[in-house]
Novice: 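Have a look at this one before I ask anything.
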Amino acid sequence: MFNTLVKKNERFEYVGDLASNIKTSDDNLAFTFTLHDRVTFHDGRPLTAADAKYTLDTLLSSDSRKAASFFDLSGGARQPYITKTEAPDARTLVVRLSKPWPQLLVNLVAIPVIPQGSEAAQKTAPLGSGPFRFARYDEAQHFVDLAAYDDYWQGAPPIKTLRVRVIIEANTLQAELKSGRMDLVPPFATLSPDAYRAMSEDANFKVEKFPGANIVFAVQRRVKAAR
């Protein structure tokens, strides 16, 4: 549902997501992010540097777990690495640091950019700029329904609806996958290596293994072509 300023590519390099260009000052105390143009939030309003500034300022004034990594605790006092954020124009965000901090881009990967003034509403009505928009949340059944955002700045998603479910118990997860009520199990699922091995030998499933920093698996249910 969201985009961030920075993401990791397939080579684990930190590159721009909403940022089309990232420039570092000679003293490493300022990062200038140039944002892509024509990016809009799901309600149609344009995403600007003011929204990115609002996102960071809101985060740094909070006591959330994500905010903690933006503070230096080495001296015993909680000192922010970011001293100031600036939005001199609609497409330029400047982040100023108290001292050189190589982890800035690393930590920005996990920070979704939200519209100005939307923090309070995000819990019940998430609003972002990503390829899918929030449709509904069923608290009892632990799922979120998402719909494709056709005006997504990188092109409309070919998948038009998604249901994301939270299933903690591994046996239930396997049963739902085998029954066809689920299409994809992500790499961070609770399935055991034996379960992955068994499903890799089942013609109904496709288990993907790919290189990375850790050993991860993804399971996809095979779709039979209609006759």
Novice: Who are the side-chain contact (heavy atoms from CB on, under 4.5 Å) partners of Asp150, not counting sequence neighbours?
Specialist: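 By the side-chain contact (heavy atoms from CB on, under 4.5 Å) rule, Asp150 matches Ala148, Ala156, Lys160.
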Novice: Considering residues at least two apart in sequence or located in another chain, which fulfil the ring-ring contact (aromatic ring centres under 6.0 Å, His included) criterion with Tyr152?
Specialist: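 Partners of Tyr152 by the ring-ring contact (aromatic ring centres under 6.0 Å, His included) criterion come out as none, since no residue qualifies.
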Novice: Could you walk me through whether Val113 and Leu47 pass the side-chain contact (heavy atoms from CB on, under 4.5 Å) test, one step at a time?
Specialist: CA-CA 9 Å; Val113 174; Leu47 185 153; 4.0 Å; yes
Novice: Do any N or O atoms from the side chain of Asp51 and from the backbone of Thr48 form a donor-acceptor pair under 3.5 angstrom?
Specialist: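 Checked: pair present.
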Novice: Hey, quick one: are Leu56 and Val106 part of the same hydrophobic cluster, counting side-chain heavy atoms closer than 4.5 Å, chains of contacts allowed?
Specialist: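 Shared cluster, yes.
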Novice: Distance-only, no hydrogens or angles: does the His42 side chain make a donor-acceptor pair with backbone N or O of Gly130 under 3.5 Å?
Specialist: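 Such a contact is found between His42 side chain and Gly130 backbone.
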Novice: How many angstroms lie between CG in Leu105 and OG1 in Thr4, if you round to the nearest 0.5 Å?
Specialist: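 The distance works out to 10.5 Å.
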Novice: Tell me, which pairs form a side-chain hydrogen bond (donor to acceptor under 3.5 Å, both in side chains) where one or both residues lie in residues 109-119, sequence neighbours left out?
Specialist: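 Of all non-adjacent pairs touching residues 109-119, those that pass side-chain hydrogen bond (donor to acceptor under 3.5 Å, both in side chains) are Ser118-Gln122.
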Novice: Can you find a heavy atom in the side chain of Pro112 that is under 4.5 Å from one in the side chain of Asn3?
Specialist: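 No, too far: nothing below the 4.5 Å cut-off.
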Novice: Considering residues, nucleotides and ligands other than Leu73, do more than 12 of their heavy atoms fall under 6.0 Å from its CG?
Specialist: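 More than 12 within 6.0 Å, yes.
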Novice: Could you check whether Arg165 makes a cation-pi contact with Phe143, meaning its NZ or CZ is under 6.0 Å from the centre of the six-membered ring and within 45° of the ring axis?
Specialist: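 No.
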Novice: List the atom pairs, with distances to 0.1 Å, where a side-chain N or O of residues 27-37 and a protein N or O form a donor-acceptor pair under 3.5 Å, not counting sequence neighbours.
Specialist:
residue, atom, partner, partner atom, Å
Asp27, OD1, Ser25, OG, 2.6
Asp27, OD1, Leu29, N, 3.0
His36, NE2, Asp17, O, 3.4

Novice: Return yes when atom CZ of Arg65 has more than 12 non-hydrogen atoms of other residues, nucleotides or ligands closer than 6.0 Å, and no otherwise.
Specialist: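 It does not: Arg65 CZ has 12 such atoms or fewer within range.
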Novice: Got a sec, which residues hit salt bridge (charged side-chain N to carboxylate O under 4.0 Å, His left out) with Arg11, two or more places apart in sequence or on another chain?
Specialist: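 Listed in chain order: Glu13.
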Novice: Given side chains that start at C-beta, do those of Leu127 and Asp43 come closer than 4.5 Å, heavy atoms only?
Specialist: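 Yes, side chains in contact.
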Novice: Which residues pass the side-chain contact (heavy atoms from CB on, under 4.5 Å) test with Glu10, not counting sequence neighbours?
Specialist: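 Here no residue qualifies.
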Novice: Would you check if there is a donor-acceptor pair between the side chains of Ser74 and Asp72 at a distance under 3.5 Å?
Specialist: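 Yes, Ser74 and Asp72 have a side-chain donor paired with an acceptor closer than 3.5 Å.
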Novice: With heavy-atom distances below 4.5 Å as the criterion, would you say the side chains of Pro131 and Tyr149 are in contact?
Specialist: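 No, side chains not in contact.
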Novice: With heavy-atom distances below 4.5 Å as the criterion, would you say the side chains of Gln79 and Ser98 are in contact?
Specialist: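 No, every pair of side-chain atoms sits at 4.5 Å or beyond.
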Novice: Taking C-beta and beyond as the side chain, do Arg136 and Asp138 meet within less than 4.5 Å on heavy atoms?
Specialist: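 With C-beta onward as the side chain, the pair touches.
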Novice: Is any side-chain heavy atom of Val94 closer than 4.5 Å to a side-chain heavy atom of Thr85?
Specialist: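 The answer is no, as the side chains (C-beta and beyond) never meet within the 4.5 Å cut-off.
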Novice: To the nearest 0.5 Å, what is the distance between CG (Leu104) and CD1 (Ile82)?
Specialist: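 Between Leu104 CG and Ile82 CD1, I get 5.5 Å after rounding to 0.5 Å.
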Novice: Would you mind listing the cluster partners of Val15? Hydrophobic ones only (ILVMFWY), side-chain contacts under 4.5 Å, chaining allowed.
Specialist: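 Once heavy-atom contacts under 4.5 Å are chained together, Val15 still belongs with nothing else.
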Novice: Can you name the nearest heavy-atom pair linking Ala67 to Leu59, along with the distance?
Specialist: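 That would be CB-O, 3.3 Å.
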Novice: Find out whether Trp153 and Leu18 are in side-chain contact, i.e. whether some heavy atom of one side chain is under 4.5 Å from a heavy atom of the other.
Specialist: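 Yes, their side chains come closer than 4.5 Å.
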Novice: With distance as the sole criterion, is a donor-acceptor pair present between the side chains of Asn107 and Ser69 under 3.5 Å?
Specialist: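 Per modelled atom types, Asn107 and Ser69 side chains form a pair under 3.5 Å.
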Novice: Would you give the length of the straight line joining atom CD of Gln103 to atom CG of Leu108, rounded to the nearest 0.5 angstrom?
Specialist: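 It comes to 11.0 Å.
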Novice: To the nearest 0.5 Å, how far apart are OG1 in Thr92 and NZ in Lys23?
Specialist: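 Thr92 atom OG1 to Lys23 atom NZ measures 11.0 Å (nearest 0.5 Å).
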Novice: Listed by chain and number, what are the salt bridge (charged side-chain N to carboxylate O under 4.0 Å, His left out) partners of Lys84, not counting sequence neighbours?
Specialist: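 Partners of Lys84 under the salt bridge (charged side-chain N to carboxylate O under 4.0 Å, His left out) test: Glu86.
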Novice: With Phe205, which residues qualify under ring-ring contact (aromatic ring centres under 6.0 Å, His included), at least two apart?
Specialist: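 Counting only residues at least two positions away or on another chain, Phe205 forms no ring-ring contact (aromatic ring centres under 6.0 Å, His included).
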Novice: Could you note down all residue pairs passing ring-ring contact (aromatic ring centres under 6.0 Å, His included) where residues 79-117 supplies at least one of them, sequence neighbours left out?
Specialist: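 Sorted pair list: Phe70-Trp101, Tyr81-Trp101.
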Novice: How is the hydrophobic cluster of Tyr137 composed, in terms of its other members, when Ile, Leu, Val, Met, Phe, Trp and Tyr link through side-chain heavy atoms under 4.5 Å apart, directly or indirectly?
Specialist: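 Same cluster as Tyr137: Met1, Phe2, Tyr54, Ile114, Phe132, Phe134, Val144, Leu146, Ile159, Leu162, Val164.
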Novice: When you compare the side chain of Leu93 with that of Leu5, does any pair of heavy atoms fall below 4.5 Å?
Specialist: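 Yes, close enough: below the 4.5 Å cut-off.
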Novice: Between Lys7 (side chain only) and Val109 (backbone N and O only), is there a donor and an acceptor less than 3.5 Å apart?
Specialist: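 No; judged by distance alone, with no hydrogens or angles, the pair does not exist.
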Novice: To the nearest 0.5 Å, what is the distance between CE on Met182 and CG on Leu184?
Specialist: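 Met182 CE to Leu184 CG: 7.5 Å, rounded to 0.5 Å.
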Novice: Counting only heavy atoms not in Arg78 (residues, nucleotides, ligands), do more than 12 fall under 6.0 Å from its CZ?
Specialist: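 Result for CZ/Arg78: enclosed.
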Novice: Can you give me the closest heavy-atom contact between Leu60 and Phe71, atom names plus distance?
Specialist: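 The pair with the smallest heavy-atom distance is O-CZ, 3.5 Å.
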Novice: So, taking the atom named NZ in Lys66 and the one named CD1 in Ile111, what distance separates them when rounded to the nearest 0.5 Å?
Specialist: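 Nearest 0.5 Å value for the NZ-CD1 distance: 5.0 Å.
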Novice: Go through the structure and list residues passing salt bridge (charged side-chain N to carboxylate O under 4.0 Å, His left out) with Lys178, not counting sequence neighbours.
Specialist: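 Once residues adjacent in sequence are excluded, Lys178 has no partner under the salt bridge (charged side-chain N to carboxylate O under 4.0 Å, His left out) criterion.
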Novice: What I want to find out is whether Asp89 reaches Arg91 closely enough, with some N-O distance under 4.0 Å, to be called a salt bridge.
Specialist: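 Salt bridge absent between Asp89 and Arg91.
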